[in-house]
Amino acid sequence: MTDPVTDPVEPRAAASAAAAEHHAASSAAGAENIEYRVAHLRERLAAEELGELGVRVEVRGRMVVLTGTVPSAQCRDVLLRTARQELAELAVHSDVVVAENTSPDHAEELP
């Protein structure tokens with residue numbers, strides 16, 4: 001049996017365990033913080049000028065991914081600006097597509 005007073009390995013192991021416990025607690029708090037911020041972003045997207053409900057916001061590790069279709073490039077820009085405001089310091093990846101809603105420049109030929 002080791003004596004914690006005379007064995008220098010024991011205090012290092014205790015300090016290492018305490019550091020691991022602190023890291024786990026910080027990670028859990030960080031994950032809750034990300035989920036909270038994503039929920040707030042979803043609320044803003046639904047309530048503010050965008051009224052954009054067709055965009056999904058998902059957490060993937062330490063990254064947030066936006067997917068969906070918006071009606072215009074301006075709408076996409078506002079969406080991305082809002083996401084960057086809400087999710088500052090987080091990696092944000094956008095797979096948002098602008099719907100093509102211009103009228104055709106030629107007649108469609110049917111077989």
Side-chain angles (χ1 to χ4, degrees):
M1 184 163 176
T2 62
D3 180 11
V5 175
T6 58
D7 188 0
V9 176
E10 191 67 32
R12 278 187 256 144
S16 181
E21 185 177 315
H22 174 72
H23 179 70
S26 297
S27 295
E32 288 176 15
N33 187 27
I34 292 172
E35 291 295 336
Y36 173 80
R37 292 169 68 187
V38 166
H40 193 259
L41 173 62
R42 288 179 183 137
E43 289 174 9
R44 279 188 66 183
L45 294 180
E48 289 186 2
E49 66 184 84
L50 287 177
E52 192 55 58
L53 298 175
V55 174
R56 293 179 48 101
V57 183
E58 300 175 342
V59 177
R60 296 185 186 161
R62 298 273 313 153
M63 178 185 294
V64 178
V65 179
L66 306 172
T67 57
T69 304
V70 294
S72 68
Q74 179 184 4
C75 185
R76 181 186 60 204
D77 294 343
V78 171
L79 169 80
L80 294 176
R81 186 172 47 250
T82 303
R84 287 186 186 110
Q85 288 172 352
E86 285 296 324
L87 306 173
E89 301 172 8
L90 291 174
V92 176
H93 178 77
S94 173
D95 284 332
V96 176
V97 178
V98 176
E100 185 64 43
N101 57 3
T102 59
S103 57
D105 61 350
H106 62 281
E108 180 179 2
E109 293 184 30
L110 300 174

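Atom set for the values below is all heavy atoms of this structure, side chains included, hydrogens, waters and symmetry mates excluded.
Listed here is the closest heavy atom pair of Leu66 and Val92: CD1-CG1, 4.0 Å. Scanning both residues, Val38 and Val64, for their nearest heavy atoms gives CG2-CG2, 4.0 Å. Among all heavy-atom pairs drawn from Val59 and Gly61, the shortest one is CG1-O, 3.5 Å.
Evaluation of the salt bridge (Lys or Arg N to Asp or Glu O under 4.0 Å) rule for Glu58 yields Arg56, Arg60 as partners, not counting sequence neighbours.
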Apply side-chain contact (heavy atoms from CB on, under 4.5 Å) to residues Arg37 and Leu41 and explain how you reach the verdict. CA-CA 6 Å; Arg37 292 169 68 187; Leu41 173 62; over 6 Å; no
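Considering only heavy atoms from C-beta on, Arg81 stays 4.5 Å or farther from Arg84 through its side chain.
A distance of 9.5 Å separates CD of Glu89 from CZ of Arg62, quoted to the nearest 0.5 Å. Of the inter-residue distances, the one linking His93 atom NE2 with Met63 atom CE reads 7.0 Å to the nearest 0.5 angstrom.
In this structure a side-chain-to-backbone donor-acceptor pair under 3.5 Å is missing from Arg76 to Val70.
Residue Leu80 is grouped with residue Val98 when hydrophobic side chains (ILVMFWY) are merged at heavy-atom distances under 4.5 angstrom, including chains of intermediate members. Note on Val65: it does not cluster hydrophobically with Val57, by side-chain heavy-atom contacts below 4.5 Å among ILVMFWY residues.
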